[in-house]
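Read through the structure below, which is laid out as C-alpha cells, and then see the notes.
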Amino acid sequence: MCTTCGCTSHDHGHHHHGDGHDKRDHHHGEPATQGRETIAVETDILAGNNRLAAGNRHLFREKGLFVLNLVSSPGSGKTTLLERTLTDLAGTSRCAVIEGDQQTDNDARRIAATGVPVKQINTGAGCHLDAHMVAHAVEELPLNELEILFIENVGNLVCPAAFDLGEHHKVVVLSVTEGEDKPLKYPQMFHAADVMLLNKVDLLPHLDFDVERCCEFARRVSPGIRIFQLSSRTGAGMDAWYGWLGERRAEVIEKVTGAVTNR
C-alpha cells in the first residue's frame, strides 16, 4: 500500500479531492515519532478507496458484470494469458480489459489486437491501481454490452493486495520460473486471492520447480484458494480455467436475476 512503498497521490497520476484520500505526502523512512501519523494516513487512504470500491461494486452488480482483478509480479505471463483467454472466449463471452502499467500502452495494444474493448491506465510512479482509477476507466467502456471485465493490475505482489477495486475475485498469476516460495514471501497477496493460476507449466521439464510444494505453500497462506496449473503458450490446463470463469459468471447472472425478480 502507499504507506509502505512511498508512492504519493501525485505519483498515481490523478487527483483525490473529495474521494477520501489524504492530501499529505506519505513516504516511508519517517522518524519514529511520526509513526502514529503514518497509521492515520494509511487508514484514510484505504477507507477512501473502499468507499469508491463499494460504488464500483454496485455499478458492476447493476450491469450484471463479472469482474476479475489479475495480479502478479512482472514477467509472470499475465498479459499473454489474458490474450489467450480473450481469443479462446471470443464468440462465447463479451469481454473488456482495463490495463494497468506505470508507463507505455504496449500491453493495451496487444489486448486490442484480440478485438475486445480496452482502456489503458498509466500510473506514473504509482505501483498499483485503485478504485478511483477504475471508476474513471469504466466510464469509457460499453458496460451494457459486456459480460466479463478483466482488470490487469500493475506488476507488483505487494501493494495491489490492499486495494479493493470492486472486483468479484482477485486472481494471482504465478509462473514456474519465479520460485515455489512466492506465496510465503508475499502472503498478503496470496491470502487476498481466491484463485492462483500457476502459469508456464510447459517449462517444468527444464526447471527445478516443485509444483506440490508451491501449491502447499499457497494453501498454507490461503486454505481455500483454487489453483489451476496451465500454460498460456500451449493451452494446457486452460479449459479448467475457462470452466471456472463460466461457473462464476453464471452465479453473478443468477444473483442479479434473483435480485430483480424479488423487487
Side-chain angles (χ1 to χ4, degrees), residues 67-90 93 95-116 118 120-123 127-129 148-161 165 167 169-186 189-190 192-215 217-218 221-222 225-245:
V67 183
L68 297 175
N69 180 6
L70 274 60
V71 294
S72 76
S73 57
S76 67
K78 192 161 73 271
T79 306
T80 301
L81 188 148
L82 194 49
E83 286 177 299
R84 179 90 187 213
T85 298
L86 295 168
T87 299
D88 289 350
L89 294 183
S93 297
C95 304
V97 176
I98 293 174
E99 272 293 336
D101 278 304
Q102 290 190 324
Q103 299 292 343
T104 82
D105 64 348
N106 293 346
D107 289 349
R109 286 188 281 110
R110 289 171 57 184
I111 295 301
T114 69
V116 306
V118 58
Q120 177 72 53
I121 299 177
N122 288 128
T123 63
C127 57
H128 59 87
L129 297 179
I148 304 175
L149 173 63
F150 295 96
I151 302 172
E152 184 175 355
N153 219 312
V154 179
N156 181 352
L157 281 176
V158 181
C159 303
L165 306 180
E167 73 271 18
H169 301 284
K170 280 186 175 67
V171 177
V172 61
V173 182
L174 174 66
S175 74
V176 298
T177 59
E178 296 179 68
E180 60 265 10
D181 59 349
K182 277 288 179 73
L184 299 183
K185 289 183 174 181
Y186 302 93
M189 177 59 79
F190 286 84
D194 299 306
V195 175
M196 182 177 87
L197 303 182
L198 187 59
N199 194 24
K200 304 185 184 181
V201 295
D202 54 300
L203 298 178
L204 284 171
H206 311 288
L207 301 170
D208 182 17
F209 184 93
D210 190 329
V211 171
E212 292 306 315
R213 189 172 173 83
C214 178
C215 293
F217 287 155
V221 172
S222 180
I225 197 167
R226 185 75 180 269
I227 300 173
F228 296 98
Q229 300 178 35
L230 47 79
S231 167
S232 54
R233 186 178 70 86
T234 67
M238 296 295 287
D239 284 343
W241 160 237
Y242 300 152
W244 181 86
L245 284 174

Is there a donor-acceptor pair closer than 3.5 Å between any side-chain N or O of Asn199 and the backbone N or O of Ser232? yes
Is a side-chain N or O of Arg226 found less than 3.5 angstrom from the main chain of Asp194, in a donor-acceptor match? no
I need the minimum non-hydrogen distance between Ile225 and Ala218, along with the two atoms involved. CG2-O, 4.1 Å
So do Pro160 and Asn69 actually touch side chain to side chain, heavy atoms under 4.5 Å? no
Give a yes or no answer on whether the side chain of Asp107 reaches the backbone of Thr79 with a donor-acceptor pair at less than 3.5 Å. no
Nearest non-hydrogen partners of Val154 and Leu129, listed with the distance: CG2-N, 4.4 Å
State the CD1-CD distance between Ile111 and Glu152, to the nearest 0.5 angstrom. 6.0 Å
Do any N or O atoms from the side chain of Asn122 and from the backbone of Thr104 form a donor-acceptor pair under 3.5 angstrom? yes
Taking side chain as C-beta onward, heavy atoms only, is Phe150 less than 4.5 Å from Val116? no
Do the side chains of Asp101 and Gln120 get nearer than 4.5 Å, heavy atoms only? yes
For Leu174 and Met196, which heavy atoms make the closest approach, and how far apart are they? CD2-SD, 4.1 Å
Within 6.0 Å of CZ in Arg109, more than 12 heavy atoms from elsewhere: yes
Which heavy atom in Gln229 sits nearest to a heavy atom in Cys215, and how many Å separate them? NE2-SG, 4.3 Å
Reported CG-to-CG distance for the pair Asp210 and Leu204, which is rounded to 0.5 angstrom: 10.0 Å
Does a donor on one side chain and an acceptor on the other come within less than 3.5 Å for Asp202 and Thr234? no
Kindly give the heavy-atom pair with the smallest separation between Lys170 and Ala161, and that separation in Å. CE-O, 3.9 Å
What distance separates Asp181 CG from Tyr186 OH, expressed to the nearest 0.5 Å? 9.0 Å
Are the side chains of Lys200 and Phe209 in contact, using a 4.5 Å heavy-atom criterion? no
Measuring from Asn156:CG to His128:NE2, what's the distance to the nearest 0.5 Å? 8.0 Å
How many angstroms lie between atom CD of Glu178 and atom CG of Leu157, to the nearest 0.5 angstrom? 7.0 Å
Measure the shortest side-chain to side-chain distance between Leu68 and Leu245 over non-hydrogen atoms and say whether it is less than 4.5 angstrom. yes
Any side-chain to backbone donor/acceptor pair from Ser93 onto Cys95? Under 3.5 Å, distance only. no
Say you draw a straight line from CG of Leu197 to OG1 of Thr85; how long is it, rounded to the nearest 0.5 Å? 8.0 Å
Min side-chain heavy-atom separation Leu165-Asn153 under 4.5 Å: yes
Closest non-hydrogen atoms of Tyr242 and Asp88, given as atom of the first, atom of the second and distance, are OH-OD2, 2.6 Å
Hey, mind stepping through Val158 and Cys127 against side chain to side chain contact (heavy atoms under 4.5 Å, CB included) and telling me if it holds? CA-CA 9 Å; Val158 181; Cys127 57; over 6 Å; no
